[in-house]
Asks: 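Pasting a structure below so you can have a look.
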2 protein chains.
Amino acid sequence: MAATLHDVARLAGVSIKTVSNVIHEYPHIRPATRARVEQAIAELGYTPNLTARSLRSGRTGAIALAVPELGLSYFAELAAAVIEAAEEAGVVVLVEQTGGDRDRELELLRSPRLKMTDGLIFSPLGMGQDDVDRLEVPYPLVVLGERIFDGPADHVTMRNVEAARAATEYLLASGRRRIAIIGAHEGEVIGSAGLRLRGYREALDAAGVAYDESIIGHTTLWHRSNGARCMRELLDRGAEFDAVFGLNDTLALGAMRVLQESGRRVPEDVAVVGFDDLDEAGYSIPSLTTVDPGQAWIARTAVSTLMERIADPDAAGPPRLLLADFRIVERESAPADRLAPAAVPTR
Amino acid sequence: MAATLHDVARLAGVSIKTVSNVIHEYPHIRPATRARVEQAIAELGYTPNLTARSLRSGRTGAIALAVPELGLSYFAELAAAVIEAAEEAGVVVLVEQTGGDRDRELELLRSPRLKMTDGLIFSPLGMGQDDVDRLEVPYPLVVLGERIFDGPADHVTMRNVEAARAATEYLLASGRRRIAIIGAHEGEVIGSAGLRLRGYREALDAAGVAYDESIIGHTTLWHRSNGARCMRELLDRGAEFDAVFGLNDTLALGAMRVLQESGRRVPEDVAVVGFDDLDEAGYSIPSLTTVDPGQAWIARTAVSTLMERIADPDAAGPPRLLLADFRIVERESAPADRLAPAAVPTR
DNA sequence: CGCCGAGTCTACAACGTTGTACTCCTCGCG
DNA sequence: CGCGAGGAGTACAACGTTGTAGACTCGGCG
């Protein structure tokens, strides 16, 4: 059906290798021959069969990206950035969704479907530190996120603790003292929730503000609705606070909505800070002050690191930990200076 | 490096074809032989090389999905649904971003990178009806969206005109008479904007309400910020209206924000309706009344239609047009019954 | 005049898999 | 006892490409 090197070669009256040479711009070809071959290529509309090329070369020109779910804006924006970076590097991206399910993540790691790619950028959510040795795989792998540390693969992630600490310090500096948390995970030490909560506590400790369990809202999945539900629970149990730190933007936006429904003004009564700097955070009402954790850099770095490992799989070198810079993005939901100082509840 | 059939065959003391037969559950194999082969497979951790299998079989087990940008929530949710449906069909998805740029779209259609996939689900944005013959490609293709009709490929899309008409009728039924539009494209006949505007006009005509250019807001790209900008322009030029129909949710949300900033109450002063039923629409303040255009069905149908064409490329049959059902999702930004009747400006 | 090297091109094998055609063996039946 | 049917396994080619080794030609130099 589709034209092959053989067809072109026959039409041009040369060997298939000569056609191959023309395509790869091998220098020693007579102009006349080259012209004839090019003519034949055009005539047949020949395009190389990448599958055959892959088999021959051992490279596919594709990488895989595994994320929990594209429906989560954070991962959609991550995927967009990865695909863009990959395009610049000349490779395409195969996207898998794991649903954040540990079993599916483990299955994916040893799935032969990956044989169609040269390497994997993997953002686990269900796996944990105990699964660290499952990251020992026979292909180039770059791990994202904060579920697993000190693994055998390169790891690109953000400064969760420092960034969360900075966000909390920002709220403290603006005069808030009772900062509620939305999205904590019970007993978690690593993982986004655990690390960000640690940064929060560090900031409180440093400022001499007591940590108060009663204003810590727990929820497992970071879906939109959970931020709302979590905030509703806090309000229902009569928690008192003058600020909210949503452990990601989605949670913060859901929580902010419930706050407003309940008659509280943001930021006058309650300041709200998120984490991720989603596109959407700039367009909520009020717009959301948040932490830009350096996602764009993470995507670029993940791709370039993976491409390095692919280019040179043997010159392994020890696994690297690469950390993005973060910054606080100041918007309306939490101005740096407290606009309308309400009565601050003290303990 | 990785084990091949040869390695397994040598270890098990059989021919490579026997190993292949074991893997494919060919029935006529002695239990003892099968056991030996399976033992060898386990010992070497053999997994088949999918590239080689693809070359041999002519099928890759991957399909491509080309969308303008995953950063646009609509396409992120579409991609999520397509990947999920593809997984159920046993294929993986390679995602490309075109940026909605016509040249990149045309390039993609004849890119040899597609040779790594069995077919393409293509959502063009930059191409138009004039490019219809460029959809004549030598591989299975399913087109989404409303940029091109009556092309040579299967087309899965939504009932834009009917759905927009229904949305407008919904607003009219709730007592609104001056319905502003956000996101119109000047002079466009087909394309999402053109079709939805047509539905809007049909509804106005049917209700005997005059069409008024002065409350039609234009913008090209349907990014978040443009909905806001578009609404600001309407307000600046003193347009008067008691409802807004954002031609998609993103625009509607941006516009709603500006409305509220300007002191107007939603829905009391101005009702707002969107289009797409993004996840996010349920969590804005107020939550957004919108049109669910059947995206989930579109994704599933696109995948199954493509898989059919892949399975049977010859039994072509004429290109099909498949249309999803829609429904109005009633939320707070536009209740079915007008809550707080304000003074309705009449012409 | 003969030989060397560079330029131009070709033949062949290989990547790992699977379809086809074949061989060998065993068993049952006439 | 001979023959055919079918079970069990093998050898080989092919998918389309590219790397390697080599063939052939021609001009220039000793």
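For clarity, every value in this text was computed on a predicted model and none was experimentally measured. Chain identifiers are assigned alphabetically (A, B, ...) following the order of the sequence lines, protein sequences preceding nucleic acid strands; residue numbering begins at 1 within each chain.
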Asks: Determine the contact category for B:Tyr46: base if any of its heavy atoms lies under 4.0 Å from a base atom, sugar-phosphate if only primed atoms, P, OP1 or OP2 are that close, otherwise nothing.
Replies: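 Contact class for B:Tyr46: sugar-phosphate only.
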
Asks: Describe the nucleic acid contact of A:Thr4 in one word from base, sugar-phosphate, nothing, applying a heavy-atom distance below 4.0 Å.
Replies: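 A:Thr4: backbone/sugar contact only, no base atoms under 4.0 Å.
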
Asks: Taking the side chain as every heavy atom from C-beta outward, state whether B:Leu141 and B:Phe122 have any pair of such atoms under 4.5 Å apart.
Replies: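 The answer is yes; the side chains approach within 4.5 Å.
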
Asks: Check whether any side-chain N or O of A:His24 sits under 4.0 Å from OP1 or OP2 of D:dT18, and answer yes or no.
Replies: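 For D:dT18, OP1/OP2 do have a side-chain N/O of A:His24 under 4.0 Å.
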
Asks: Roughly how many Å is it from NE2 in A:His28 to C1' in D:dC24, rounded to a whole number?
Replies: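 A:His28 atom NE2 is separated from D:dC24 atom C1' by 16 Å.
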
Asks: Which residue lies toward the 5' end of DNA chain D, B:Ser57 or B:Arg36, if each is placed at its nearest nucleotide?
Replies: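 Closest to the 5' end, via its nearest nucleotide, is B:Arg36.
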
Asks: Find the distance B:Leu55:CG to C:dC15:C1' and express it as a whole number of Å.
Replies: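 The distance from CG of B:Leu55 to C1' of C:dC15 comes to 9 Å, rounded to the nearest Å.
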
Asks: In whole Å, what is the span from the CG atom of B:Leu5 to the P atom of D:dG9?
Replies: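 Computing the B:Leu5:CG to D:dG9:P distance gives 16 Å.
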
Asks: Across the strands shown, which category fits A:Leu50 at heavy-atom distances under 4.0 angstrom: base, sugar-phosphate, nothing?
Replies: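 Counting heavy atoms under 4.0 Å across all strands, no contact is made by A:Leu50.
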
Asks: Carefully, step by step, assess A:Glu87 and B:Arg104 under the rule salt bridge (Lys or Arg N to Asp or Glu O under 4.0 Å).
Replies: CA-CA 12 Å; A:Glu87 163 137 25; B:Arg104 284 179 62 191; 3.3 Å; yes

Asks: What integer distance in Å separates A:Arg53:CZ from C:dG16:C1'?
Replies: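 So the two atoms are 19 Å apart, to the nearest Å.
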
Asks: Give A:Thr51 one of three labels, base, sugar-phosphate or nothing, depending on what nucleic acid heavy atoms sit under 4.0 Å from its own.
Replies: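 No contact at all - A:Thr51 keeps every heavy atom at 4.0 Å or more from the nucleic acid.
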
Asks: Between A:Ser20 and D:dT18, is there a side-chain N or O to OP1/OP2 distance below 4.0 Å?
Replies: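 Answer is yes, contact under 4.0 Å.
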
Asks: Please tell me which of the listed nucleotides, C:dT8, C:dT17, C:dG16, lies nearest to the side chain of B:Pro48?
Replies: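 The closest nucleotide is C:dT17.
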
Asks: Side chain of B:Val14 only, please: which of D:dT10, C:dG16, C:dT10 is the nearest?
Replies: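 Looking only at heavy atoms from C-beta outward on B:Val14, the closest nucleotide is D:dT10.
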
Asks: Could you check if a side-chain atom of B:Trp297 sits within less than 4.5 angstrom of a side-chain atom of B:Leu322, using non-hydrogen atoms only?
Replies: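 When only atoms from C-beta onward are counted, B:Leu322 and B:Trp297 do touch, with a gap below 4.5 Å.
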
Asks: Counting side-chain heavy atoms from CB outward, which of C:dG16, D:dT17, C:dT18 is closest to B:Asn49?
Replies: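 Side chain of B:Asn49 sits closest to C:dG16.
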
Asks: Of B:Pro27 and A:Thr47, whose closest DNA chain D nucleotide lies nearer the 5' terminus?
Replies: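 The 5'-side residue here is B:Pro27.
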
Asks: Whole Å only: how far is the CD1 atom of A:Ile16 from the C1' atom of D:dA14?
Replies: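 Going from CD1 in A:Ile16 over to C1' in D:dA14 covers 13 Å.
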
Asks: May I ask you to evaluate whether B:Thr33 reaches the phosphate of D:dA8, defined as a side-chain N or O under 4.0 Å from OP1 or OP2?
Replies: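 No, B:Thr33 has no side-chain N/O under 4.0 Å of OP1/OP2 on D:dA8.
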
Asks: To the nearest Å, how far apart are B:Asn21 CG and D:dG7 P?
Replies: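 Going from B:Asn21 (CG) to D:dG7 (P), I get 14 Å.
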
Asks: Can you check the A:Asp7 CG to D:dG16 C1' distance for me, whole Å?
Replies: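 For the pair A:Asp7 CG and D:dG16 C1', the rounded distance is 10 Å.
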
Asks: Checking all strands, does B:Ile29 fall into the base, sugar-phosphate, or nothing category for heavy-atom contacts under 4.0 angstrom?
Replies: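 Touches sugar-phosphate only.
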
Asks: Could you tell me whether the side chain of A:Arg56 has a donor or acceptor atom within less than 3.5 Å of a complementary atom in the base of D:dT17?
Replies: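 No pair found.
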
Asks: Are any of the side-chain nitrogens in B:Glu308 or B:Arg320 under 4.0 Å away from the carboxylate oxygens of its partner?
Replies: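 Salt bridge: yes.
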
Asks: Categorize A:His6 for me: base, sugar-phosphate, or nothing, with a 4.0 angstrom heavy-atom threshold over every strand shown.
Replies: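 Since a base atom lies under 4.0 Å of A:His6, the category is base.
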
Asks: On the nucleotide D:dG7, are OP1 or OP2 found under 4.0 Å from the side-chain N or O atoms that B:Arg30 carries?
Replies: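 Checking B:Arg30 against D:dG7: no side-chain N or O falls below 4.0 Å of OP1 or OP2.
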
Asks: Using OP1 and OP2 only, check whether a side-chain N or O of A:Thr18 sits under 4.0 Å from C:dC9.
Replies: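 No.
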
Asks: Return the value, rounded to whole Å, for the distance between atom CD1 of A:Ile23 and atom P of D:dG19.
Replies: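 So the two atoms are 12 Å apart, to the nearest Å.
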
Asks: Which residue in the set B:Asp154, B:Thr301, B:Ile121, B:Thr157 passes side-chain contact (heavy atoms from CB on, under 4.5 Å) when paired with B:Leu144?
Replies: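 Answer to the side-chain contact (heavy atoms from CB on, under 4.5 Å) test with B:Leu144 among B:Asp154, B:Thr301, B:Ile121, B:Thr157: B:Ile121.
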
Asks: Among B:Val37, B:Val8, B:Ile41, B:Thr18, which residue satisfies the side-chain contact (heavy atoms from CB on, under 4.5 Å) criterion with B:Ile23?
Replies: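 Passing option: B:Ile41.
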
Asks: So if I take every side-chain heavy atom of A:Lys17 and compare against D:dT17, D:dT20, D:dT10, which nucleotide ends up nearest?
Replies: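 Selected nucleotide: D:dT20.
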
